[in-house]
Amino acid sequence: MTSQERTFQVDIWRGDENGEYQPFEVPERENQTVLDVVTYIQRHLDPALAYRFACRVGVCGSCAMTVNGRPRWTCRTHVSRVVKNGKLTIAPLTNLPVIRDLVTDMTPFFEKWRDARGRFVAGDGPKNELAPVEPESNERAAASEAIECINCGVCYSACDVVSWRDDYLGPAALNRAWAAWNDVRDGDRTGILKAVSQGTGCHTCHTHQSCAEHCPVALNPTFSIAGLKRASLKAKLKGQLR
Amino acid sequence: MSISGLTRASRAHPGFVAALIHRLSGLALAIFLPLHFLMLGLALDEAAFSGAVAWSNQPLVKISEALMVSALAVHFAGGLRLLAVEFLGLTRAQGAWIAGCFAFGGGVGILFLMRAF
Amino acid sequence: MLETMRTDILIIGSGGAGLFAALYAKKANPDLDITIAVKGLVGKSGCTRMVQGGYNVALNSDDSIERHFMDTIVGGKWLPHQDLAWALVNGAVKRIHELENEYGCFFDRNADGSLHQKAFAGQSFDRTVHKGDLTGIEIINRLSEQVWAQDINRLEEHRAVAFVPTKDGSGIAGVLLINMRAGSFRFVQAKTILLGAGGGPTMYRYHTPSGDKSCDGMTMGLRAGLKLRDMEMVQFHPTGILAGNDTRMTGTILEEGLRGSGGYLLNGERERFMFNYHSHGERATRDIVSRSMIEEVRAGRGTPGGGIYIRMAHLGPEKVAKQFKGMVKRCADCGFDLAGGDVEVLPTAHYMMGGIAFEPDCKTTLEGLYVAGEDSGGVHGANRLGGNGVANSTVFGGVAGEAMAKAITDGTDWREPDASVIEHEVGRCLKPFTGKPGDLNAIRETLVDLMWDKAGIIRDKSLLEDCIRELDALGEEHAVAGLADSTRAFNLTWHDWLNLESQILVSKSIAHAALAREDSRGAHYRADFPETGDLETTRYTTIELSDGDKLVTGSEPVEFTIVKPGESLIEGEAGAPPEIAPPPQAAE
Amino acid sequence: MSPVSYLLQRGTAMLMVPLIITHLAVIIMAVQGGLSAEEILSRTHGSMMWAGFYGLFVFAASIHAGIGMQTILREWTPLGRLASANIGHALIAILWVLGARAIYAVVWA
Ligand SMILES: Cc1cc2nc3c(=O)[nH]c(=O)nc-3n(C[C@H](O)[C@H](O)[C@H](O)COP(=O)(O)OP(=O)(O)OC[C@H]3O[C@@H](n4cnc5c(N)ncnc54)[C@H](O)[C@@H]3O)c2cc1C
Ligand code: HEM
Ligand code: SF4
Ligand code: F3S
Ligand code: FES
């Protein structure tokens with residue numbers, strides 16, 4: 001670090017849930033993402049700093065952290081957009097167990113994905129043909145709106161209902177269930193509604209919209225969940241959810 | 001130390017504020033409701049009821065009542081908005097809708113005060 | 001310190017190869033105990049997830065398997081192992097149906113509801129299936145959710161560090177792993193093992209693959225005595241973002257469609273230069289564009305950052321912002337204005353055609369060990385067509401899964417590990433904790449520059465000889481570089497050390513193989529041997545480790561088992577775009 | 001929240017929409033110049049229309065508020081699912097009793 005370099009202060013969460021913030025001075029760069037800041041600290045200031053990333057371009061959803069109080073993908077967050085009063089505070093995602101420093105254990109997130117039946121179930125259509133699905137059809141359009149989730153956990157971390165009751169399936173899993181339910185090729189669409197309308201499913205959402213507000217790829221889980229609420233209610237009234 | 005305190009920055013957006021106000025107003029209404037029923041129940045004894053109504057005409061009580069009316073109006077408007085989100089899938093431009101709900105709630109409260117005094 | 005466990009099938013990696021293997025093996029025999037061990041999280045690491053462009057498959061009645069095959073062979077400059085390429089183009093058809101009908105991938109459709117297939121460079125038919133320009137996310141998410149929902153063990157954040165053979169060396173007994181979260185070692189004994197760690201040329205200054213990839217698989221293969229082939233064949237993609245050396249954004253891809261749709265490449269004086277090199281200008285093939293860009297920079301006409309500008313603004317910023325939404329947003333997030341301004345780019349290392357030699361049933365020469373995906377070599381020859389990479393990993397992943405399950409049904413049992421190997425390998429991994437702290441950053445910087453400058457897009461004898469010499473010295477420096485003895489749990493710096501170890505060894509293999517191949521073809525360009533050479537006598541390079549640390553190169557003739565140079569299975573020119581060349585829509 | 005609770009809560013909310021509009025209008029109207037007991041009672045006394053109106057209101061609001069409180073307790077207090085539900089249900093019962101008593105008082109007493 002040369003003396004002319006401009007630096008800024010970065011407070012980084014260290015340890016597990018009971019950890020604390022540790023300050024670092026990091027040199028400013030013209031092009032610098034939050035992930036680069038964390039990398040700089042690991043490479044030059046404290047080799048033991050733990051964090052997670054993989055793709056570095058916003059497709060794997062591994063690098064999400066809490067930056068100045070908001071969950072974000074860090075590889076696509078330019079420092080200049082988030083730095084406040086010359087300072088950054090970086091912590092692990094909330095609502096997930098902390099492994100160490102900036103790394104969380106995403107297991108509950110994926111378990112809920114599974115529990116929400118966020119998964120295709122093969123129908124009995126011919127296996128050697130590809131089902132025609134018109135791109136303009138209502139279902140396909142709805143599925144397309146919700147499908148490009150990178151399972152980063154940002155929405156899950158932003159949702160206060162998840163913080164308030166840890167059995168809530170959460171926005172990402174439900175968003176996936178909605179895309180799956182709109183897939184006309186699926187062999188058990190009612191099964192999805194059964195999975196999401198148990199006590200901890202879609203009806204638990206209070207429409208905070210923090211999920212949609214923070215989703216880095218601009219998905220709208222609020223809309224998806226509202227759709228599931230309606231669809232499962234309808235199915236329930238028709239007695240299909242037994 | 002905790003990773004994020006009560007004032008999580010992630011909450012600073014209209015959707016969460018609206019939900020919070022909706023909950024607090026609902027809570028206030030739910031607490032007020034049994035009291036309201038008890039007060040009306042006093043009509044079993046005309047004198048007690050007149051006394052209570054007269055008591056309620058004090059300025060401070062009137063202001064509290066205005067707050068309750070506001071809470072009802074805000075909860076009502078916010079509730080309608082929620083129903084629109086859930087049943088009509090209306091998730092766009094919620095910031096403006098939410099501001100409208102607060103304005104409605106505030107407006108009804110002010111109207112109440114203007115007429116009460 | 002050393003935990004041990006047993007499983008029937010151990011799969012290393014959760015890219016297209018690993019996940020398909022797991023699902024296929026489970027389907028073949030649901031009673032099998034299957035374990036996926038992966039350096040990151042299942043489905044969230046590796047490059048299959050990063051696939052943008054799509055998946056090549058001959059589905060249309062006007063297209064044919066033969067046509068896909070010929071495009072692959074001609075694109076690979078007659079170097080591919082033809083039986084493997086044949087297995088690829090056939091298997092792709094089956095896989096696409098499975099991806100759609102069994103796992104739920106929702107690929108883009110035409111207005112009439114049929115599957116949309118787009119043009120991709122080097123193909124004589126528009127056959128690339130895709131989901132927008134995020135095809136990999138769709139494939140990996142759908143496969144991962146199937147895995148999450150099944151009884152398949154996951155060892156996440158477990159890094160494979162060594163294959164452990166039997167005492168007599170005849171077969172593989174298991175794999176030694178580091179449990180990265182705990183910082184401890186785990187030995188997993190398995191009846192059959194798949195290597196699907198995905199190669200990845202991350203030892204170049206500019207590279208596209210995900211950060212978890214560091215050629216560990218090829219390194220383990222070399223150490224276990226396996227033969228690698230075609231290691232000189234490293235594919236470069238022309239337009240990687242150039243944003244400075246301190247940001248991980250550098251090297252990440254800007255899609256090919258930008259050039260295809262009329263984007264300009266400008267030198268430091270903001271002049272178009274591609275027509276000075278090739279009559280197709282910016283729309284020439286990847287290798288030509290990459291080479292021309294490098295020559296332009298070497299001639300002193302680069303940008304201040306040492307690259308080339310890509311400009312889209314003349315097409316109308318609004319139009320660009322709409323048509324290339326994802327790319328424009330990506331640049332904006334990095335602080336660049338792609339729609340209206342000039343963005344600095346440079347070719348970036350993208351894919352390794354070379355890898356562990358294998359058979360169409362995915363077996364290697366080590367009994368019990370299978371390989372699939374980018375860790376394997378021979379499918380693509382001198383050049384991989386865009387869209388054949390994910391086809392490769394998914395096709396052979398499935399093949400391997402089936403073959404591994406069958407081997408077990410046929411009686412393959414656990415083998416006894418050579419305990420001394422485990423002990424030795426643990427010692428090797430822990431060695432840096434005993435040494436004096438070294439400067440890993442300097443080693444990394446030296447490595448990426450060395451490979452970029454001397455074993456990169458334009459090579460020659462003296463560059464490569466320098467490169468090998470300096471790599472040897474760097475290897476020695478690395479071997480004695482120590483680490484501060486802090487916690488081993490989630491110690492990324494320790495893993496950086498291990499990454500560098502793998503990268504240096506595989507870098508040496510690349511340089512040796514490149515020195516051995518004295519002609520230019522596909523991705524490999526020797527300034528001192530610019531001609532392609534005689535196709536009929538085509539040979540492929542091999543490399544293996546002998547005496548523990550000496551790399552020995554060799555070569556073998558390519559067997560033209562299906563088609564010979566000069567012959568063709570199709571009418572018209574293989575590899576040539578259909579009709580009047582439409583701009584390549586590639587989005588890789 | 002179970003779909004049944006959800007249905008009841010949203011259903012009662014919809015039911016209350018016209019009731020609340022009326023209620024708010026009446027409040028604003030009546031508050032002019034201060035409230036008096038006679039004024040209130042003269043409107044309600046013996047009126048089957050108002051008895052029905054408030055009956056429906058009490059019925060719906062009690063369910064709505066009871067379920068709402070149940071959610072709040074579940075999310076904002078350490079009480080578990082069962083305890084929150086029990087308190088919510090008890091609240092509904094209490095509100096019904098108090099509400100019925102109030103209606104009786106203003107209409108018939
Ligand atoms: C940006 C980009 C775009 C691309 N676009 C296309 C395209 O459009 N079309 C196309 O056909 N191909 C494309 N490719 C190439 C394609 O992604 C790869 O060829 C293919 O996906 C490789 O699959 P794989 O399963 O072999 O490896 P990967 O998908 O890379 O998976 C490797 C797995 O192994 C794990 N791993 C690595 N080391 C270890 C270790 N030591 N221990 C345990 N686990 C380990 C990794 O974490 C990962 O889970 C693209 C590649 C990139 C980088
Ligand atoms: C027409 C009038 C009303 C409408 C449209 C309405 C609408 C709603 C809706 C949609 C909710 C659900 C919020 C959620 O779970 O996300 C709700 C919650 C609630 N309502 Fe109402 N409501 C109305 C009147 C009332 C009244 C009169 C009371 C009080 C007696 C009340 C008390 C509550 C309470 C306590 C909650 C729970 C709040 C929470 O869970 O955050 N509501 N209301
Ligand atoms: S919905 Fe958005 S925020 Fe949530 S996991 Fe998916 S991509 Fe991330
Ligand atoms: S933030 Fe949570 S409450 Fe619902 S709308 Fe999103 S899931
Ligand atoms: S590192 Fe993959 S999304 Fe950030």
Side-chain angles (χ1 to χ4, degrees), chain B residues 22-59 61-62 65-66 68-70 72-73 75-80 82-83 86-87 104-105 107-117, chain D residues 6 9-14 16-21 23-41 44-45 54 57-58 61-62 64-73 75-76 88 91-92 94-109:
Chain B
H22 193 75
R23 170 158 292 189
L24 294 175
S25 59
L27 191 59
L29 290 169
I31 292 168
F32 170 78
L33 201 58
L35 303 176
H36 190 51
F37 288 163
L38 281 171
M39 137 101 181
L40 291 169
L42 292 179
L44 290 171
D45 170 352
E46 211 151 319
F49 189 56
S50 300
V53 173
W55 172 81
S56 78
N57 280 330
Q58 297 175 74
V61 180
K62 272 193 192 164
E65 274 180 343
M68 287 317 300
V69 171
S70 256
L72 180 60
H75 188 87
F76 164 75
L80 278 179
L82 275 175
L83 294 175
E86 292 186 343
F87 289 89
F104 176 76
V108 169
I110 290 168
L111 192 64
F112 179 92
L113 281 178
M114 279 165 52
R115 289 180 64 93
F117 285 101
Chain D
Y6 177 81
Q9 220 220 7
R10 302 308 195 258
T12 49
M14 290 181 198
M16 282 192 290
V17 171
L19 307 182
I20 298 261
I21 295 175
H23 195 50
L24 281 173
V26 170
I27 291 172
I28 299 289
M29 228 88 93
V31 78
Q32 177 75 303
L35 288 173
S36 79
E38 298 84 70
E39 222 182 298
I40 296 172
L41 293 179
T44 55
H45 232 127
Y54 286 121
F57 207 160
V58 165
S62 304
H64 182 88
I67 298 175
M69 286 306 290
Q70 172 183 338
T71 318
I72 296 179
L73 290 172
E75 292 175 4
W76 279 9
L91 188 68
I92 297 178
I94 294 170
L95 285 173
W96 273 344
V97 171
L98 292 182
R101 180 168 164 272
I103 294 172
Y104 176 77
V106 296
V107 178
W108 286 284

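Here is the naming used below: chain letters follow the sequence lines, and residue numbers restart at 1 for every chain.
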Q: In terms of heavy-atom pairs under 4.5 Å with chain B, which of D/Ser62, D/Ala102, D/Ala61 leads?
A: D/Ala102

Q: With heavy-atom distances below 4.5 Å as the criterion, would you say the side chains of D/Leu41 and B/Phe49 are in contact?
A: yes

Q: What part of D/Glu75 gets within 4.5 angstrom of chain B, counting heavy atoms only: side chain, backbone, both, or neither?
A: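 For D/Glu75, side-chain heavy atoms alone lie under 4.5 Å from chain B.
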
Q: Check each atom of B/Leu113 against the heavy atoms of chain D and say whether the ones under 4.5 Å are side chain, backbone, both or neither.
A: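 For B/Leu113, neither part sits under 4.5 Å from chain D.
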
Q: Just verifying a value: how many Å separate D/Met14 CE and B/Phe87 CZ, rounded to the nearest 0.5 Å?
A: 4.0 Å

Q: Need one label for D/Ile40: side chain, backbone, both or neither, based on atoms under 4.5 Å from any heavy atom in chain B.
A: side chain

Q: Is any side-chain heavy atom of D/Val17 closer than 4.5 Å to one of B/Phe76?
A: yes

Q: Could you look at D/Trp108 and say if it's the side chain, the backbone, both or neither that has a heavy atom under 4.5 Å from chain B?
A: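 D/Trp108 has no heavy atom closer than 4.5 Å to chain B.
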
Q: Given heavy-atom pairs under 4.5 angstrom as the criterion, report whether the side chain, backbone, both or neither of D/Tyr6 touches chain B.
A: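 For D/Tyr6, the contact with chain B is made by the side chain alone.
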
Q: Shortest non-hydrogen contact from D/Val106 to B/Ala43?
A: CG1-CB, 4.0 Å

Q: Is it the side chain or the backbone of B/Ile31 that comes within 4.5 Å of chain D heavy atoms, both, or neither?
A: neither

Q: So do D/His23 and B/Leu72 actually touch side chain to side chain, heavy atoms under 4.5 Å?
A: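 SC-SC contact between B/Leu72 and D/His23 confirmed.
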
Q: Is it the side chain or the backbone of D/Leu95 that comes within 4.5 Å of chain B heavy atoms, both, or neither?
A: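 Contact with chain B is through both the backbone and side chain of D/Leu95.
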
Q: Looking at B/Leu111, B/Leu29, B/Leu42, which one has more heavy-atom pairs under 4.5 Å with chain D than the rest?
A: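 Highest number of pairs under 4.5 Å: B/Leu111.
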
Q: In terms of heavy-atom pairs under 4.5 Å, which option from D/Ala65, D/Gly99, D/Gly68, D/Ala100 contacts chain B the most?
A: D/Gly99

Q: With under 30° as parallel and over 60° as perpendicular, where do the rings of B/His75 and D/His64 fit, or are they tilted in between?
A: perpendicular

Q: Would you call B/Leu44 and D/Arg101 a side-chain contact if the rule is heavy atoms closer than 4.5 Å?
A: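 When only atoms from C-beta onward are counted, D/Arg101 and B/Leu44 do touch, with a gap below 4.5 Å.
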
Q: If you take all heavy atoms of B/Pro34 and D/Leu98, which pair is closest and at what distance?
A: CB-CD1, 3.9 Å

Q: Can you confirm whether B/Glu46 is buried at CD, in the sense that more than 12 heavy atoms of other residues, nucleotides or ligands lie under 6.0 Å from that atom?
A: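 No, CD of B/Glu46 has 12 or fewer neighbouring heavy atoms, counting only those of other groups under 6.0 Å.
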
Q: Nearest 0.5 Å, please: how far is CD1 in D/Ile21 from CG in B/Leu80?
A: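 One gets 7.5 Å once the value is rounded to the nearest 0.5 Å.
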
Q: Need one label for D/Leu24: side chain, backbone, both or neither, based on atoms under 4.5 Å from any heavy atom in chain B.
A: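 Contact with chain B is through the side chain of D/Leu24 alone.
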
Q: Within this structure, what is the CZ-CH2 distance for the pair B/Phe37 and D/Trp96, rounded to the nearest 0.5 Å?
A: 12.0 Å

Q: Checking D/Glu38 against chain B: side chain, backbone, both or neither under 4.5 Å from a heavy atom?
A: side chain

